[in-house]
Each structure stands twice: as C-alpha cells, then as structure tokens.
Amino acid sequence: MMLQRTSLSSFKVITLLVWASFYTTTTEAQVADSVIIRLMHEKHIPALGLSFIDNDKVILSKVYGELKAGVPAPANTVFNVASITKTVTAMITLRLVDAGKWDLDEPIYHYWTDPDIADDPRSKKLTTRHILTHQTGFPNWRWQTPSKKLAFEFEPGLKFQYSGEGMEYLRHALEKKFNRSLEQLADSLIFGPLHMNDTHLVWNATMLSHFAVPHNSKSEALEIVKNNEPSAADQMKTTVADYSRFLIWIINGAGLSQPLYHKMTSPLSKIKDNKFMGLGWVVYPALGGQFGLSHSGIDAGANTIAFVLPQSKRALLIFTNSDNGPQIYSDLVHGFLKAQGDAIISTEMKN
C-alpha cells in the first residue's frame with residue numbers, strides 16, 4: 001500500500017469531508033464534493049469510487065469523474081479492484097472452513113499439486129493457513145522469476161512473503177474438491193446472499209458501458225483486461241455499492257463462528273511493526289485502542305484500497321482507475337478515519 005504524508009492545509013479542508021458525509025447540509029456536501037474533485041484533478045485520477053461506513057451503515061457512497069475522456073462515471077460504475085479480489089477468496093474459504101467442509105491445516109496436496117513443484121517435498125507441507133497468511137514460500141508470480149516456473153523460495157510457514165501464486169494454488173484445490181469454479185463458489189456463498197449482483201470474477205460484456213477504463217500516470221487509457229477464467233488473486237470487477245455490502249458483512253462477523261473470526265482478525269504473520277497478515281486480511285493490531293483490517297489492489301491503471309474497523313463499525317473504501325490512485329489515499333484516510341487513520345498512515349510510512 002502506498003501512502004503519502006498529508007499537508008496541514010490539505011488536512012484542514014479534508015476534515016470537511018467527515019461532516020459533509022453525514023449530509024448535515026446540502027452546502028457541506030457540495031463542499032466535500034468540490035474538495036474531492038479538486039484532489040482528483042491535482043493528482044490526475046479520472047474516476048474515483050468512495051464509500052464511508054459508520055455504525056455499520058453506508059453514510060457516503062459515490063463515484064466521481066469519468067469512465068474515460070468525455071464519459072461521466074455513473075453510480076454503478078464497475079471497477080477492477082485488483083488484489084482486493086483476495087478478500088473474497090479468503091472469505092469463500094473461511095465460510096467452507098466454518099461449515100466443516102475445509103480444513104485450514106490439511107495439506108493442500110490432497111486436492112492439488114502444481115506440476116512445477118510436484119517433486120519438491122515441501123509441496124506436501126503446504127496448507128491453507130500458509131496461503132491465507134502469505135507464508136507459502138512462493139514468489140508473488142512465477143512469471144516474475146528467471147525460470148518462469150513456480151518454486152519454493154523458503155520453507156512454508158517460515159515468514160511473510162506476499163504471493164498471488166498462493167491464492168491461485170488455493171483456487172485450484174477448492175475447484176478440484178468441490179467440482180465448481182471459484183465464480184460458482186463465490187456466487188453461492190457470498191455474491192448471491194449479499195445481493196452483490198454487479199460483482200464478477202470473470203469479464204461480462206454487459207459491464208463495458210459502465211466500466212472504469214484503466215489509465216496510466218499520464219492519464220492515457222489502457223486496454224481493459226477481459227478475463228474469461230476466474231482468478232483467486234486479481235481482476236474481480238465490482239461496484240462501490242456491492243463492495244460496501246461486503247464490508248458491512250465483514251464488520252458484523254461475516255457469518256463466521258466467533259473463534260474463526262478471531263483467527264481471521266488476529267496478527268498471525270508479521271509484515272512490519274503494527275502490520276501483520278491475519279487470514280486473508282492485513283491486520284493492524286494497535287490503532288488507538290482498536291484493531292483494523294485492510295487490503296489493497298494494484299494493477300496497471302487500477303489502484304484500490306479498503307479499511308475496516310470492526311470495533312467502531314466503520315469502513316472506508318477507495319476505488320480508482322489510475323496508476324496515480326495511491327496519491328489520494330492519505331487525504332481520505334486522514335479525513336474519514338480520524339485517529340485510527342493517522343495511526344494507519346504512521347504505520348505505513350515506517351520502513
């Protein structure tokens with residue numbers, strides 16, 4: 001996650017957002033909109049989806065800017081949320097664990113072994129817990145390595161190392177055991193029950209008319225990735241309204257047993273001081289008397305992030321269709337999450 005320090009003057013104007021988000025007056029709401037639009041123009045961000053949840057209710061849900069040059073972004077704009085996809089995969093898995101249909105500590109090879117590591121004895125040790133805490137020993141993506149093949153870089157469980165490959169490994173295992181695609185599992189366990197009707201793990205042609213086209217740092221439009229196979233790690237397409245429903249569900253326990261929810265939100269794998277992986281979520285264990293969860297996503301022309309504060313029942317999500325998206329994060333986190341937002345930014349700014 002990329003955060004930048006906020007100037008004092010910027011912080012003063014952004015605090016208006018907090019009050020305007022409660023729509024005390026129409027004028028305040030208009031001021032808040034003008035602040036956000038100004039920040040978008042300054043940072044060259046074509047489209048921004050924003051939601052603020054307080055007391056587990058959506059207080060602000062809005063999309064600003066354009067899908068592409070000259071095309072206003074509607075309220076139902078569909079964004080590629082990149083690695084935020086992993087939060088859905090994690091929750092599919094935890095729902096299955098809670099139902100007694102999947103085991104966090106059963107070796108994955110019982111259902112799937114990648115051919116690249118079939119002869120490596122470490123493949124017999126890999127578990128779902130390793131995957132959800134990003135302790136598989138895998139690189140992020142095999143194509144980023146010299147060999148272009150999947151390989152362990154250390155023993156599973158040894159330390160944190162972020163890996164999209166791990167999540168895809170889990171997808172293969174789930175699909176093998178349940179004989180259903182990840183999209184089908186998501187529909188039955190999450191998207192359907194939560195009425196996330198505009199959320200998909202694969203491309204749907206009906207999205208095109210209201211899809212936030214990706215843009216590079218120069219505001220040049222990039223090609224849309226139209227994936228026809230679900231990924232456990234990337235390329236989920238969703239709207240601000242749909243993912244807000246998901247965040248409220250997370251705030252309220254996600255239908256999990258209390259012990260499993262506690263595991264999910266516990267600091268299990270250290271990333272840095274005050275930042276850990278739980279089961280599928282980044283965990284900030286010390287945010288001024290409460291803990292926080294987050295996940296971000298980065299693809300070419302797409303940057304997204306979500307924060308959840310379960311104890312105070314607040315959440316903030318920010319979707320952008322730009323490589324410049326992270327440049328607006330600190331302003332919004334400061335403005336909406338107050339002291340906890342400051343603590344998150346302080347954590348992220350430390351090496």
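Everything numeric in this text was worked out from a predicted model, so none of it was measured.
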*asked:* Please confirm whether the ring centroid of Phe291 lies under 6.0 Å from the ring centroid of Trp281.
replied: no
*Could you check whether the rings of Tyr162 and His134 sit parallel, tilted or perpendicular, using 30° and 60° as the cut-offs?*
parallel
*Tell me whether the centres of the aromatic rings in Phe79 and Phe211 are closer together than 6.0 Å.*
no
*Write down the atom of Ala90, the atom of Gly280, and the distance for their closest heavy-atom approach.*
CB-CA, 3.7 Å
*Cut-off 3.5 Å, side chains only: do Asp242 and Thr199 have a donor facing an acceptor?*
yes
*For Lys68, look at atom NZ and say whether over 12 heavy atoms of other residues, nucleotides or ligands are found less than 6.0 Å away.*
no
*Go through the side-chain N and O atoms of Gln290 and Ser312 and say whether any donor and acceptor fall under 3.5 Å apart.*
yes
*Among side-chain atoms of Glu106 and His110, is any donor-acceptor pair under 3.5 angstrom?*
yes
*Of all heavy-atom pairs between Leu316 and Val333, which one has the smallest distance, and what is that distance?*
CD2-CA, 4.0 Å
*asked:* So which atom in Pro214 and which in Ile224 form the shortest heavy-atom distance, rounded to 0.1 Å?
replied: CD-CG1, 4.0 Å
*Just checking, any donor-acceptor pair under 3.5 angstrom between side chains of Ser163 and Glu165?*
no
*Assess the side chains of Gln235 and Lys237: does a donor N or O sit below 3.5 Å from an acceptor N or O?*
yes
*asked:* With a sphere of 6.0 Å drawn around CG of Asp105, does it hold more than 12 non-hydrogen atoms of other residues, nucleotides or ligands?
replied: yes
*Does a donor on one side chain sit under 3.5 Å from an acceptor on the other, for Trp102 and Thr128?*
yes
*Start with the C-alpha distance between Asp234 and Lys86, add both sets of side-chain angles, then the distance that settles salt bridge (Lys or Arg N to Asp or Glu O under 4.0 Å), and finish with yes or no.*
CA-CA 7 Å; Asp234 193 17; Lys86 295 180 178 71; over 6 Å; no
*Verify the neighbour count for atom CD of Gln144: are there more than 12 heavy atoms of other residues, nucleotides or ligands below 6.0 Å?*
yes
*Taking the six-membered ring of Phe154, is NZ or CZ of Lys159 closer than 6.0 Å to its centre and within 45° of its axis?*
yes
_Polar side chain donor-acceptor pair, Gln135 to Gln161, under 3.5 angstrom_ = no
*asked:* To check you understand the geometry: which heavy-atom pair defines the closest contact between Leu222 and Val213, and what is its length?
replied: O-CG1, 3.7 Å
_Where Arg314 and Gln340 come nearest, the two heavy atoms and their spacing_ = NH2-OE1, 2.7 Å
*Between Arg129 and Thr127, is any side-chain donor less than 3.5 angstrom from a side-chain acceptor?*
no
_If we count only N and O atoms by modelled type, under 3.5 Å, do the side chains of Ser217 and Asn324 hold a donor and an acceptor together?_
no
_Basic-acidic side-chain contact under 4.0 Å: Asp114, Arg142_ = yes
*Do other residues, nucleotides or ligands put more than 12 heavy atoms under 6.0 Å from Asp273 CG?*
no
*Can you name the closest pair of heavy atoms from Ser51 and Val58 and give their distance?*
OG-CG1, 4.1 Å
_Ignoring hydrogens and geometry beyond distance, is a side-chain donor-acceptor pair present between Tyr64 and Thr77 at under 3.5 Å?_
no
*Using the six-membered ring of Tyr109, assess whether NZ or CZ of Lys124 lies under 6.0 Å from its centre and within 45 degrees of the ring axis.*
yes
